[in-house]
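To start, the structure under review is shown below, and the notes come after it.
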Amino acid sequence: MEKSKVLIIGATGNIGYELAKASLELSHPTYALVRETAFAHPEKSQKLQTLANAGAQLLKGCLEDLTSLVSAIRLVDVVISAVSAKQVLDQISIIEAIKKAGCVKRFVPAEFGVDPDKVQIGDLGYRFYSKKSEIRRIVEAEGIPYTYISCNLFASYLLPSLVQPGLKAPPTEKVRIFGDGDTKAVFVKESDVATFTINTIDDPASLNKVLYLRPPGNVCSMNELVDIWEKKIGKKLEKVYVPEEHILKIIQDSSHPDSTHMVFIYSAFIKGDHTYFDMESAGVDGVKLYPHVKYTRVSEYLDNSL
């Protein structure tokens with residue numbers, strides 16, 4: 001079967017770059033929509049050159065230019081958005097362009113986190129999740145074929161510090177444990193998220209579904225994370241348990257975006273938003289659907305911190 005042609009919007013970002021690489025590695029004709037200014041940015045320019053050398057076709061355009069969006073989308077079968085969190089509602093222009101183009105077989109909007117329809121944290125997220133749900137409802141109302149990717153936490157976000165905001169590496173003396181330490185969260189390496197995502201795009205089993213990622217070995221409580229780390233360094237850490245009310249006070253006393261880390265920690269390790277529901281009653285289990293995908297486990301990821 002001929003592989004779908006893929007357009008990545010946001011290919012110079014963290015997850016967008018991994019999505020573009022995975023698309024190329026899995027032999028999909030791959031296009032990247034790129035702002036003119038990106039070519040003058042050293043880091044972004046280097047990423048774009050790497051993608052181009054690997055076979056990606058770079059198309060100049062932006063979300064504010066509907067003509068460039070429609071022109072790019074008409075070249076492909078699948079559109080994957082990897083825009084930043086602050087641009088979530090800007091995806092309305094992508095949806096409009098998809099409708100105008102009339103050729104898209106699947107749209108993957110920029111989620112790549114906790115399922116926004118499942119979070120239980122009320123207004124703490126500064127509409128971080130409600131905006132993503134809003135995009136879902138528009139996609140569905142317009143009848144656009146979709147796949148939503150719920151990977152929970154990127155491994156690079158909190159795992160390098162062992163979920164210790166303010167640290168860049170795991171602690172070696174004292175560790176804060178949020179809540180009772182038994183609620184489980186999910187961490188997935190960005191390159192693995194990308195590989196799972198690209199596997200969906202020609203698969204009818206994931207069409208109009210939420211693809212959930214809870215890879216065995218990557219679903220861990222804070223107590224389990226600390227235990228893994230203690231075994232690696234060969235010593236016990238002093239544990240300081242931070243109760244729910246203290247976490248809420250920290251969030252209340254902090255301003256956005258400084259409170260973002262704590263909001264994510266509260267969602268994951270207090271409310272259990274990653275794991276409280278059954279995946280297969282709400283969508284599909286990506287690990288079961290694509291057992292051939294090799295992924296990095298939490299313990300392996302932490303090996304790089306030694």
Side-chain angles (χ1 to χ4, degrees), residues 2-24 28-41 43-45 47-49 51-52 55-113 116-117 126-149 194 197-198 200-202 206-208 210:
E2 186 177 351
K3 297 217 172 189
S4 287
K5 298 185 287 293
V6 181
L7 174 67
I8 310 292
I9 300 175
T12 58
N14 186 19
I15 186 63
Y17 183 57
E18 296 297 341
L19 286 161
K21 289 196 300 180
S23 180
L24 291 162
H28 288 273
T30 303
Y31 300 76
L33 187 72
V34 184
R35 288 180 180 273
E36 181 77 44
T37 55
F39 293 94
H41 187 285
E43 183 182 352
K44 292 179 180 180
S45 178
K47 286 182 176 180
L48 292 172
Q49 188 61 57
L51 293 176
Q57 296 196 46
L58 308 182
L59 308 172
K60 292 181 182 179
C62 63
L63 301 186
E64 296 80 19
D65 181 355
L66 187 62
T67 300
S68 69
L69 267 178
V70 174
S71 296
I73 289 169
R74 282 182 173 152
L75 297 172
V76 302
D77 309 298
V78 174
V79 176
I80 302 178
S81 172
V83 300
S84 67
K86 64 183 179 182
Q87 292 180 288
V88 166
L89 291 182
D90 292 343
Q91 292 177 109
I92 292 172
S93 61
I94 300 175
I95 295 168
E96 182 182 352
I98 287 171
K99 292 294 288 185
K100 282 184 178 293
C103 60
V104 171
K105 299 176 182 177
R106 190 173 316 219
F107 175 44
V108 181
E111 290 201 2
F112 306 107
D117 290 341
Y126 304 95
R127 294 199 67 221
F128 182 85
Y129 298 111
S130 63
K131 290 176 183 178
K132 293 184 177 184
S133 289
E134 185 176 338
I135 292 297
R136 283 188 175 191
R137 303 294 85 82
I138 297 171
V139 168
E140 292 156 10
E142 292 291 348
I144 295 171
Y146 65 83
T147 299
Y148 305 139
I149 307 297
T197 299
I198 300 303
T200 70
I201 61 179
D202 284 324
S206 57
L207 184 62
N208 297 333
V210 183

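When a residue number appears, it is its place in the shown sequence, counting from 1. All heavy atoms count here, side chains included; hydrogens, waters and symmetry mates do not.
Between Arg137 and Glu140, at least one side-chain nitrogen of the basic residue sits less than 4.0 Å from a carboxylate oxygen of the acidic one, meeting the salt-bridge criterion. Under 4.0 Å is where a charged nitrogen must lie from a carboxylate oxygen, and between Glu18 and Lys21 at least one such pair does.
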Begin from the C-alpha positions of Arg136 and Val210 and carry the test side chain to side chain contact (heavy atoms under 4.5 Å, CB included) through to its verdict. CA-CA 11 Å; Arg136 283 188 175 191; Val210 183; 4.0 Å; yes

Pair Tyr146-Ile135, side chain to side chain contact (heavy atoms under 4.5 Å, CB included): steps then yes or no: CA-CA 11 Å; Tyr146 65 83; Ile135 292 297; over 6 Å; no

Check against side chain to side chain contact (heavy atoms under 4.5 Å, CB included), Tyr17 and Ile8: CA-CA 9 Å; Tyr17 183 57; Ile8 310 292; over 6 Å; no

Do Ile80 and Ile198 pass the side chain to side chain contact (heavy atoms under 4.5 Å, CB included) test, and can you show the C-alpha distance, the side-chain angles, and the key distance before you say yes or no? CA-CA 9 Å; Ile80 302 178; Ile198 300 303; 3.7 Å; yes

Side-chain donor-acceptor pairs of residues 63-72 under 3.5 Å, sequence neighbours excluded:
from	atom 1	to	atom 2	distance (Å)
Glu64	OE1	Arg35	NH1	3.2
Glu64	OE1	Arg35	NH2	2.9
Glu64	OE2	Arg35	NH2	3.0
Asp65	OD1	Thr67	N	3.2
Asp65	OD1	Ser68	N	3.3
Ser68	OG	Cys62	N	3.3
Ser68	OG	Asp65	O	2.8
Ser71	OG	Thr67	O	2.9

Taking distance alone, no hydrogens or angles, what donor-acceptor pairs closer than 3.5 Å link side-chain atoms of residues 97-108 to residues at least two apart or in another chain?
from	atom 1	to	atom 2	distance (Å)
Lys99	NZ	Glu142	O	2.9
Arg106	NE	Ile201	O	3.4
Arg106	NH1	Thr147	OG1	2.8
Arg106	NH1	Thr200	O	3.0
Arg106	NH1	Asp203	O	3.4
Arg106	NH1	Ser206	OG	3.0
Arg106	NH2	Thr200	O	3.3
Arg106	NH2	Asp203	O	2.8

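Counting heavy atoms from C-beta on, the side chains of Leu7 and Leu59 come closer than 4.5 Å. In this structure, Val83 and Asp90 have side chains that are not in contact, with every pair of non-hydrogen atoms separated by 4.5 Å or more. Here the side chains of His28 and Val78 are not in contact, with every heavy-atom distance at 4.5 Å or above. Contact annotation: the side chain of Val139 approaches that of Tyr148 to within less than 4.5 Å [non-hydrogen atoms, C-beta and beyond].
In terms of heavy atoms, Phe128 sits closest to Ala85 at CE1-CB, 3.4 Å. Counting all heavy atoms, side chain and backbone alike, Lys47 lies closest to Gly13 at NZ-O, 3.8 Å. Minimum interatomic distance between Ala38 and Leu48 (heavy atoms only, all atoms of both residues): CB-CD1, 4.0 Å. Considering all non-hydrogen atoms of both residues, Ala32 and Ala11 come closest at CB-CB, 3.7 Å. When all heavy atoms of Leu58 and Ala52 are compared, the pair lying nearest together is CD1-CB, 4.1 Å.
The OG atom of Ser23 lies 12.0 Å from the NZ atom of Lys5; values are rounded to the nearest 0.5 Å. Ile94 contributes atom CD1, which lies 3.5 Å from atom CD1 of Ile9 (distance to the nearest 0.5 angstrom).
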